[in-house]
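Excluded from the calculations below are hydrogen atoms, water molecules and symmetry mates; all remaining heavy atoms, backbone and side chain alike, are included. Ligands are counted one by one from 1 in listed order, and the atoms in each one are counted from 1 as well. Computed from a predicted model, the values in this text were never measured in an experiment.
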Amino acid sequence: MSDQPYSIDEVEAGGSSPIRPPAPRWADALRTAYRDPAELARALDLPERWAEQARVAASRFPLFAPRGFVRRMRRADPHDPLLRQVMPLEAETHTSAGFEADPVGDAPAMLSPGWLQKYAGRVLLVATGACAIHCRYCFRRHFPYPEVPRSVAQWELGLAQIAADPSVREVILSGGDPLTLVDRLLAELTARVASIGHVRRLRIHSRLPIVIPERIDDALLAWLTGTRLAPVMVVHVNHPQEIDATVEAALARLVEAGVPVLNQAVLLRGINDDVDVLAELCERLADLRVMSYYLHQLDRVAGAAHFEVPESEGLRLIEALRGRLPGYAVPRYVRETPGERSKLPLA
Ligand SMILES: *Cc1c(COP(=O)(O)O)cnc(C)c1O
Ligand code: SF4
């Protein structure tokens with residue numbers, strides 16, 4: 001994650017016209033997000049000491065939470081499962097053996113600045129360091145984002161590598177969150193990827209459809225469905241309370257535009273390490289025509305040890321889900337291990 005809070009320059013990075021069109025609604029949602037723990041505490045009727053203890057953790061990785069996401073939280077409840085995903089806690093400043101800056105081995109997988117290849121046939125672009133929310137457990141919270149290029153011209157080196165490697169069938173836009181970039185830039189990038197004949201699929205990994213659902217607007221659907229590449233959208237919901245009517249509408253727009261939507265969740269202590277919560281999440285997603293793809297074992301990133309759920313507990317939860325849900329609604333429980341040829345299935 002970026003050390004810098006989101007800057008509006010990012011939204012306008014693709015704009016070269018001297019007369020800028022009005023910023024889209026989703027850009028306003030980024031601009032007005034909560035960044036100050038004291039302000040967030042006041043908005044949720046939480047005691048001032050909550051904001052006090054957040055200060056040190058927030059100085060390393062700032063608070064960032066859009067208002068629409070905060071509106072889905074319960075007031076005056078420090079254990080709210082959405083609040084716990086974004087609120088900086090004193091516990092983040094503790095060191096824990098085995099929790100490190102780059103737990104997933106991104107650095108050795110770098111093809112060229114911004115482009116990672118770990119698995120056959122798929123190349124992933126860290127398209128930006130900006131996100132629309134700062135998840136406290138993020139495995140890329142220490143990623144060296146200033147090294148990430150952020151213009152199509154700067155991406156050319158990686159595009160040339162993909163063009164030279166006929167085994168690449170899929171390009172994954174990730175981040176940060178790629179959907180914090182403006183549509184003009186994304187459309188240009190998509191067109192460049194589509195010009196490479198052997199690439200067939202474009203996958204987007206984004207939390208925007210959940211945290212700022214108005215991001216799924218006409219302009220986005222135009223480039224996502226206007227390409228010859230088969231699109232896939234992978235969203236990130238951890239708890240059913242994240243899904244309100246605005247999220248339902250955004251997911252429906254994607255599905256109805258013919259874009260397969262998958263979800264990945266992270267197993268998080270005190271948030272979704274409960275069979276009722278996970279079962280409700282998976283069922284809500286199935287009702288919304290979203291496939292539960294992965295349940296990730298927490299990546300052991302420094303500052304996130306307090307979120308870890310033991311694998312034995314994760315296995316028990318998956319077993320319990322199998323007893324309650326249709327097979328297609330049960331996610332694959334996986335762990336990422338540096339140097340492996342795929343995410344490792346645990347169940
Ligand atoms: C997770 C990941 C992928 C995608 O893996 P799938 O199992 O296909 O979802 C691709 N590239 C990198 C670098 C990844 O970390
Ligand atoms: S949206 Fe994804 S990349 Fe961004 S902070 Fe959350 S987990 Fe990390």
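- Salt-bridge check for Arg253 with Glu256: failed, with every basic side-chain N at 4.0 Å or more from each acidic carboxylate O.
- Taking every non-hydrogen atom of Arg207 and a distance limit under 4.0 Å, the qualifying atoms of ligand 2 come out as 1 (S).
- For the residue pair Arg136 and His134, no side-chain donor N or O sits within less than 3.5 Å of a side-chain acceptor on the partner.
- Other residues, nucleotides and ligands contribute over 12 non-hydrogen atoms within 6.0 Å of the CZ atom of Arg228.
- Close contacts between ligand 2 and His236 involve ligand atoms 7 (S) [criterion: under 4.0 Å to a heavy atom].
- Of all atoms in ligand 2, numbered sequentially from 1 with element shown, those under 4.0 Å from a heavy atom of Gly176 are 3 (S).
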Between the protein and ligand 1, are there any N or O atom pairs that come within less than 3.5 Å of each other, and if so, what are their names and distances?
{"residue": "ligand 1", "atom": "7 (O)", "partner": "Tyr294", "partner atom": "OH", "Å": "2.6"}
{"residue": "ligand 1", "atom": "8 (O)", "partner": "Arg122", "partner atom": "NH1", "Å": "2.7"}
{"residue": "ligand 1", "atom": "8 (O)", "partner": "Arg203", "partner atom": "NH2", "Å": "2.8"}
{"residue": "ligand 1", "atom": "9 (O)", "partner": "Arg203", "partner atom": "NH1", "Å": "2.8"}
{"residue": "ligand 1", "atom": "9 (O)", "partner": "Tyr293", "partner atom": "OH", "Å": "2.6"}
{"residue": "ligand 1", "atom": "15 (O)", "partner": "Lys343", "partner atom": "NZ", "Å": "3.0"}

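- Heavy-atom proximity to Cys131, at under 4.0 Å, picks out these atoms of ligand 2: 1 (S), 3 (S), 4 (Fe), 5 (S).
- Heavy-atom contacts of Cys138 reach the following atoms of ligand 2: 3 (S), 5 (S), 7 (S), 8 (Fe) (cutoff under 4.0 Å).
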From CA spacing to verdict: side-chain hydrogen bond (donor to acceptor under 3.5 Å, both in side chains), Gln85, Glu242: CA-CA 11 Å; Gln85 294 181 50; Glu242 292 172 55; 3.0 Å; yes
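- Every heavy atom of Gly175 sits 4.0 Å or more from the atoms of ligand 2.
- Note that CG of Leu157 and CH2 of Trp115 are 10.0 Å apart. Values are rounded to the nearest 0.5 Å.
- Atom 6 (Fe) of ligand 2 has an N, O or S atom of Cys135 closer than 2.8 Å.
- With Val247 as reference, Ile210 is the one residue of Ile210, Val211, Ile212, Val237 to meet the side-chain contact (heavy atoms from CB on, under 4.5 Å) rule.
- Figure legend: cation-pi geometry between Arg332 and Tyr293 absent, as NZ or CZ is not positioned both under 6.0 Å from the six-membered ring centre and within 45° of its axis.
- Applying the side-chain hydrogen bond (donor to acceptor under 3.5 Å, both in side chains) rule to Asp217 yields no partners; only residues at least two apart in sequence or on another chain are considered.
- A side-chain donor from one of Ser206 and Asp177 sits under 3.5 Å from a side-chain acceptor of the other.
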